[in-house]
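Below: the structure, in structure tokens.
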Amino acid sequence: MSNLTRGLGTVVAALLAAVSLTACGGGGAVEGAGGSNGAGGGTSGATRTFAYATDQQIISDWDPAKAYVSEAPVLMNAYETLTRYDSRTRRIVPLLATKLVRGDGGRTWSVDLRSGVKFHTGRPLTAEAVREAILRTRDAKAGASYIWGSLTRIDVRGALRLVLHFSVPARLDVIASSNYGAYIYDVKAAPAARLGAWFSAGHDAGTGPYRVTRYDAGQDPEVRMAAADDYWGGWKPTSYRSIVFRVVSAPTTAVRLLRAGDVTFLAKVPSELWPSLASAHGIATSSTGSFENLFAQMNTASGALADLRVRRAIALGIDYKAIVGVLHGSVMRQGGFIPDGVPGHVASLPSDASYQPAEAARLLSEAGYGQGGKRLPLTLFAFSGDSVADITAKLLQSQLAKLNVQLSVRTLDYEAAIALAGSADEAKRPDMMLFHWFPDLLSPLSWFTGMFETQAPPPTSNFSYFSDPQVDREIAEAKRLSGSDPAAAEKVYVELQNRIQEQMPAAVLYTFVARRAFSTGIEGYVDNPAYANVVFVHDLTAR
């Protein structure tokens, strides 16, 4: 979110069979004005640092088994997975694995590993080391460990071969390409009792091209990484040999640093600054469809929004086109709530709601609120450090005020917002919450399960507290069909989206467009929507 997303909780692992490997997010374009500036251009990679700037937190948890907020841009350069989704070829390709063989209808998978790979600790990558890492992540029951929920055992069949057994047909190639929960790491980097604390101190134990050398968690957080000299993928003279990740909360400051050459890459460019960068000398831009969307979750369990009429009125009282217009191309509207490029997206589905202020006023009046009636006070939570959501919250305030809805916005950091939204005390919960979502796995079931399936308290991501037995049954059916009859599963996805729209637990405000700006000295950058905000720096060339 911005990976200020969610914990999915335990998910029935049949969802892992739902992915079509030929699906891919909408294409993108990279444009530049030629020339180069000081950030990444003009000298060899041996003396260049790739400087990544973002306005959101870098690290919430260093433990690769538990990290699940916004750590992927850092961790994906320190750790590797068995497979990876390649957005250029639209396929999942081997990474630490060289071969995966599916058996017993997907209940067993034989994996051959790449030889000559070492962890940053110096320990060789072996089948036993991979087994230890996967089982530790599965048993942590944190972060995205749910992806291994149907894994029953792993057999080591040689130094570089292992066999994974699942209780149901699974897509190991998909599981192993997840952007969280699939990292392979050295569990012997520290004694088991102290390994979590060792990670928390800012250490890594990956096989990736870069190793963590420094972490400053102060007012201006910063992570520094250096090239792992014995990286199995090798190094070119023009490779970037170091990375620095910086939190720069003010967009204008980030742009100034990019222009001055002190920053190489801006992960997010605000709409108001986009025109000036798109034509700037020495700066290239990238605008690519993403898999991330923003929901306005509505409290279906308590308060005024427990009334379906009020939820529908709020959804109909939002001028979606106006919000998209204000954000100037950095977001877009689309049908349904599964983004284009993810299996389950259906372009012909209508958006979840349209702007109908007269009908919204009628519904509110029927419920005893609105113009000429009682003012409706509502609270909305938004995450701090999210400038786009902040603008959106202000626009919602203004639009809903026309319906005599008084929307009070509370901007909180991620941990505080989640703690309050998940509280057993209903009085502490918000009426509405702006919540980002993008999938860990390229499956529509990520949205259905994470956002709309009944969750036992405390909820981990269903902050509309939505619970519909029929929806739960259809989600279970979609999970079952996804592995055996994908065409039938697609029909269930459409039915689910229509049924959920009828109950209106959340309004889909928009889907993000990933807008980046970076030095023209960078060659080889491709935005991969399956790994939001991640730059695979080793793939780049510094001119």
Would [X] and [Y] count as a close aromatic pair, with their ring centres under 6.0 Å?
X	Y	result
Tyr414	Phe383	yes
Phe536	Tyr531	yes
Phe337	Phe448	yes
Tyr215	Trp62	yes

Using atom types as modelled and distance alone, determine if a side-chain donor or acceptor of [X] lies under 3.5 Å from a backbone N or O of [Y].
X	Y	value
Tyr68	Ser145	no
Asn299	Pro430	yes
Tyr320	Tyr355	no
Asn77	Val537	yes

With side chains defined as the heavy atoms from C-beta onward, is the minimum distance between [X] and [Y] less than 4.5 Å?
X	Y	value
Phe438	Ser290	no
Asp86	Arg84	no
Ser87	Val526	yes
Asp390	Val409	no
Trp109	Asp173	yes
Leu135	Leu151	yes
Phe466	Glu453	no
Tyr210	Phe50	no

**Prompt:** Going by the angle between their ring planes, with limits at 30° and 60°, are Phe518 and Phe265 parallel, tilted or perpendicular?
**Reply:** parallel
Would you please say whether a donor-acceptor pair under 3.5 Å links the side chains of [X] and [Y]?
X	Y	answer
Asn533	Arg516	yes
Ser461	Trp437	no
Gln497	Gln501	no
Thr454	Asp472	yes

**Message:** Consider side chain to side chain contact (heavy atoms under 4.5 Å, CB included). Of Val111, Thr83, Val130, Leu82, which one does Leu96 pass it with?
**Reply:**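 So, applying the side chain to side chain contact (heavy atoms under 4.5 Å, CB included) to Leu96 and each of Val111, Thr83, Val130, Leu82, only Leu82 qualifies.
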Which heavy atom in [X] sits nearest to a heavy atom in [Y], and how many Å separate them?
X	Y	answer
Lys428	Phe381	O-CZ, 3.9 Å
Ala489	Ala478	CB-O, 4.3 Å
Tyr183	Pro64	CD1-O, 3.5 Å
Val69	Gln57	CG1-NE2, 3.4 Å
Ser464	Met451	OG-O, 4.3 Å
Glu80	Pro209	OE2-CD, 4.2 Å

**Item:** Inter- and intrachain pairs under salt bridge (Lys or Arg N to Asp or Glu O under 4.0 Å), touching residues 459-470, at least two apart
**Value:**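 Counting only pairs at least two positions apart or across chains, no salt bridge (Lys or Arg N to Asp or Glu O under 4.0 Å) contact touches residues 459-470.
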**Asked** Should Arg136 and Asp63 count as an ion pair when the cut-off is N to O under 4.0 Å?
**Response** yes
**Prompt:** Regarding Arg429 and the six-membered ring of Tyr465, is the cationic atom NZ or CZ under 6.0 Å from the ring centre and inside 45° of its axis?
**Reply:**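 Yes, Arg429 lies over the aromatic ring of Tyr465.
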